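Okay, handing you the structure first.
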Amino acid sequence: DLSRDRVDLMNAPKEERDVMLLNLMTQWALDSTASRSIIQTFGRFATCTEVQDLLMVQSFMEGIHARQYSEIIRVCYNNPTQAMQEAADNASVVYRTEIIGKVFNELNRVGAKYDAGGYDLTNEHHLNEVRTALLKGLAVLYGLEAVSFIASFACTFALTRGGKYQGIDKSVGLIAADEWLHAEGDRLLFKHFKSEIGNEVFNACKPEMQEIFDAIVEQEFSWAEYIFSEGRSVLGLNTDVLKKYVCHVAKPCFDYLGLQWNYDVVEKNPLPYMDKYFDRGLVQVAPQELELNNYRVASVDSFVEDELDF
């Protein structure tokens with residue numbers, strides 16, 4: 001139920017509303033791109049049923065996420081069409097989606113040529129061109145789900161910590177848990193793909209993957225500066241803290257892929273409140289919201305054996 005969230009946003013300062021809207025809009029734009037692109041760009045190359053199933057589910061879930069973001073905006077803003085148009089015209093929002101569009105477009109071009117029989121996969125040069133495009137596409141997808149999304153969630157959940165926007169908190173909290181699982185799936189795809197193509201091809205593509213991940217981090221740094229410009233503010237969060245959080249979540253991705261880390265090392269999580277959204281075991285649910293079975297007092301089990309010995 002987002003009715004209370006609508007009231008909260010109507011009574012909030014414009015700067016706070018803008019932070020919420022801009023983050024929701026970038027999430028919507030990124031999820032919309034991912035939902036249209038994942039199965040389309042990667043699926044044509046998948047020969048393993050399990051991998052294809054993973055891509056289909058991931059693409060389907062990204063579509064659900066995008067629709068959920070648009071529903072939040074539709075319900076919570078007085079003029080949702082205008083709000084979405086203003087955000088869509090925002091240069092910073094567009095810039096934040098630039099890298100995924102660029103790499104996916106390149107992979108689509110390679111995929112179209114692949115479908116048309118333009119590659120002779122017995123030719124090592126042709127085969128490596130396809131493999132490189134796939135590695136770059138997987139890298140940008142991994143960076144999107146493990147870094148870009150997580151940085152946006154930090155802003156959204158900072159706004160909900162004060163007790164407001166609890167409907168948004170629960171909806172986006174479920175999306176955050178999904179994205180964390182998607183990032184785990186991306187790592188498994190990298191592991192599987194690397195075992196198939198070998199270290200030589202993987203290492204040859206590292207400079208291009210390095211460029212992609214550096215661009216994602218710089219993109220998030222620019223977003224951290226922009227989101228807190230023009231008078232916008234969030235209690236407990238600012239540009240420096242958000243940049244540190246970006247470093248905290250991005251470095252493990254660089255390490256996993258064997259890429260060089262050229263930014264600050266932030267080992268301690270500067271935003272510990274984020275942990276509960278990625279470890280659902282830390283989420284405390286009120287009994288009136290969900291049936292709990294942690295503790296049962298004076299309960300009766302009606303399913304017993306026909307004969308009992310006392």
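Worth saying up front: this structure is predicted, and the values here are computed from it rather than measured. This chain uses plain numbering: 1 for the first residue, then up along the sequence.
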Does the side chain to side chain contact (heavy atoms under 4.5 Å, CB included) test come out yes or no for Arg109 and Glu106, once each step is laid out? CA-CA 5 Å; Arg109 178 187 60 77; Glu106 180 184 344; 4.0 Å; yes

Compare every heavy atom of Leu259 with every heavy atom of Lys206, then report the nearest pair and how far apart it is. O-CD2, 3.9 Å

Residues Lys244 and Asp240 bridged, charged N to O under 4.0 Å: no

Is the backbone N or O of Gln260 less than 3.5 Å from a side-chain atom of Gln210, with the two atoms forming a donor-acceptor pair by type?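 Yes, the answer is positive, given that a donor and an acceptor are paired below the 3.5 Å cut-off.
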
Any chance CG of Leu121 has more than 12 other-residue heavy atoms, nucleotides or ligands included, within less than 6.0 Å?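 Atom CG in Leu121 is crowded, with more than 12 foreign heavy atoms closer than 6.0 Å.
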
Hey, does the side chain of Tyr256 reach the backbone of Arg187 with a donor-acceptor pair shorter than 3.5 angstrom?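 Checked: pair present.
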
Go through the side-chain N and O atoms of Gln58 and Asp186 and say whether any donor and acceptor fall under 3.5 Å apart. yes

With a 4.5 Å cut-off on side-chain heavy-atom distances among I, L, V, M, F, W and Y, is there a chain of contacts connecting Leu141 to Phe190?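 Yes.
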
Can you check whether Leu21's main-chain N or O pairs, donor with acceptor, with Tyr77's side chain at less than 3.5 Å? yes

Would you indicate whether the side-chain heavy atoms of Phe278 and Glu179 approach each other to under 4.5 Å? no

Check: Ser195 side chain, His192 main-chain N or O, donor-acceptor pair, under 3.5 Å: yes

Take Ile212 and Glu208, measure what side chain to side chain contact (heavy atoms under 4.5 Å, CB included) needs, and give me the verdict at the end. CA-CA 6 Å; Ile212 287 170; Glu208 292 176 274; 5.5 Å; no

Between Ser35 (side chain) and Ser32 (backbone), is there a donor-acceptor pair under 3.5 Å? yes

Show which residues join Met10 in its hydrophobic cluster (side-chain heavy-atom contacts under 4.5 Å, direct or indirect), or state none.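 Grouped by the 4.5 Å side-chain rule, Met10 forms a cluster of one, so the answer is none.
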
Take atom CG in Asp264; do more than 12 heavy atoms of anything else shown fall under 6.0 Å from it?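 Counting neighbours around CG of Asp264, 12 or fewer heavy atoms of other residues, nucleotides or ligands fall under 6.0 Å, so no.
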
Please round to the nearest 0.5 Å and tell me the distance separating atom CD1 of Ile216 and atom CG of Leu144. 7.5 Å

Are any of the side-chain heavy atoms of Leu257 and Lys194 separated by less than 4.5 Å?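 A side-chain contact under 4.5 Å is absent here.
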
Nearest-0.5 Å distance, CG of residue Leu174 to NE2 of residue His65: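 These two atoms lie 8.5 Å from each other.
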
For Glu184, does the CD atom sit with more than 12 other heavy atoms under 6.0 Å from it, leaving out its own atoms? yes

Joint hydrophobic cluster, Phe213 plus Leu189, side-chain heavy atoms closer than 4.5 Å: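 Yes, it is one cluster - the side chains of Phe213 and Leu189 are joined through contacts under 4.5 Å.
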
Would you find a donor on one side and an acceptor on the other, under 3.5 Å apart, between the side chain of Asp8 and the backbone of Lys164? no

Going by side-chain contact (heavy atoms from CB on, under 4.5 Å), Leu134 matches just one of Val130, Thr132, Leu138. Which one?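 Result: among Val130, Thr132, Leu138, Val130 is the only option passing the side-chain contact (heavy atoms from CB on, under 4.5 Å) with Leu134.
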
Evaluate the criterion side chain to side chain contact (heavy atoms under 4.5 Å, CB included) for residue pair Asn78 and Arg6; output intermediate values, then yes/no. CA-CA 9 Å; Asn78 287 331; Arg6 177 181 174 85; 2.9 Å; yes

Could you tell me whether a side-chain N or O of Asp5 sits under 3.5 Å from a main-chain N or O of Gly167, the two making a donor and an acceptor? yes

Within this structure, what is the CG-CD distance for the pair Asn238 and Glu225, rounded to the nearest 0.5 Å?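 Interatomic distance, Asn238 CG to Glu225 CD, rounded to 0.5 Å: 12.0 Å.
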
Which heavy atom of Met209 sits nearest to which heavy atom of Phe202, and what is that distance?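 Heavy-atom minimum between the residues: CE-CZ, 3.8 Å.
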
Would you check if Val172 and Tyr69 make a side-chain contact, meaning some heavy-atom pair closer than 4.5 Å? yes

Nearest heavy atoms of Gly137 and Leu107, plus distance in Å: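 Heavy atoms only, the tightest pair is CA-CD2, 4.2 Å.
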
List the atom of Val110, the atom of Ala133, and the distance in Å for their closest heavy-atom pair.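 What the structure gives for the nearest pair is CG2-CB, 3.8 Å.
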
In the structure I gave you, are the side-chain heavy atoms of Tyr165 and Ser171 within less than 4.5 Å of one another anywhere?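 Not in contact.
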
Co-membership, hydrophobic cluster, residues Phe45 and Leu54, 4.5 Å side-chain: yes

Hey, what do you get for CE (Met274) to CH2 (Trp180), rounding to the nearest 0.5 Å?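 One finds 9.0 Å between CE of Met274 and CH2 of Trp180.
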
With hydrophobic residues grouped by side-chain heavy-atom distances under 4.5 Å, do Ile38 and Met56 end up in a single group? yes

Using residues 148-162 as the side-chain source, report each donor-acceptor pair under 3.5 Å to any protein atom, sequence neighbours left out, with the distance given to one decimal.
| unit_1 | atom_1 | unit_2 | atom_2 | d |
| --- | --- | --- | --- | --- |
| Ser148 | OG | Glu220 | OE2 | 3.1 |
| Ser152 | OG | Asn23 | OD1 | 3.3 |
| Ser152 | OG | Arg96 | NH1 | 2.6 |
| Ser152 | OG | Arg96 | NH2 | 2.9 |
| Thr156 | OG1 | Ser152 | O | 3.4 |
| Thr160 | OG1 | Phe157 | O | 3.1 |
| Thr160 | OG1 | Asp169 | OD1 | 2.6 |

Tyr119 backbone acceptor or donor facing His126 side chain under 3.5 Å: no

Quick check: does any side chain N or O of Arg74 sit under 3.5 Å from a backbone N or O of Pro80, one acting as donor and the other as acceptor?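 Flag not set: sc Arg74 to bb Pro80 has no pair under 3.5 Å.
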
Arg67 and Ile64: side chain to side chain contact (heavy atoms under 4.5 Å, CB included), yes or no, with the steps? CA-CA 5 Å; Arg67 288 191 290 274; Ile64 291 176; 3.6 Å; yes

Indicate, with yes or no, if Trp223 and Val266 share a hydrophobic cluster defined by side-chain heavy-atom contacts under 4.5 Å among Ile, Leu, Val, Met, Phe, Trp and Tyr. no

Whether the side chain of Arg232 engages the backbone of Tyr226 through a donor-acceptor N/O pair (distance < 3.5 Å, no angle test) should be reported.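 At least one qualifying donor-acceptor pair exists.
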
How far apart are the closest heavy atoms of Phe221 and Cys247, and which atoms are they?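 Between these two residues, the closest heavy atoms are CZ-SG, 3.6 Å.
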
Asp18 vs Lys14 side-chain heavy atoms within contact, under 4.5 Å: yes

Within the 4.5 Å heavy-atom criterion, are Ile168 and Met20 side-chain neighbours or not?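 Side-chain contact under 4.5 Å: yes.
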
Nearest 0.5 angstrom please: Asn79 CG to Ile73 CD1, how far?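 If we round to the nearest 0.5 Å, Asn79:CG and Ile73:CD1 are 12.0 Å apart.
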
Within a reach of under 6.0 Å around OH of Tyr273, are more than 12 heavy atoms found that belong to other residues, nucleotides or ligands? yes

With Arg17 as partner, the option from Leu22, Leu9, Asn11 fulfilling side-chain contact (heavy atoms from CB on, under 4.5 Å) is Leu9

Scan side-chain atoms only and decide if Glu218 and Tyr263 contain a donor-acceptor pair under the 3.5 Å cut-off.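 Result is yes, a qualifying pair exists.
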
How many angstroms lie between CD1 in Ile72 and CE in Met25, if you round to the nearest 0.5 Å? 12.5 Å

Thinking salt bridges, do Glu267 and Lys251 make one under a 4.0 Å N-O criterion? no

Distance-minimising heavy-atom pair for Ile227 and Val19: O-CG2, 4.1 Å

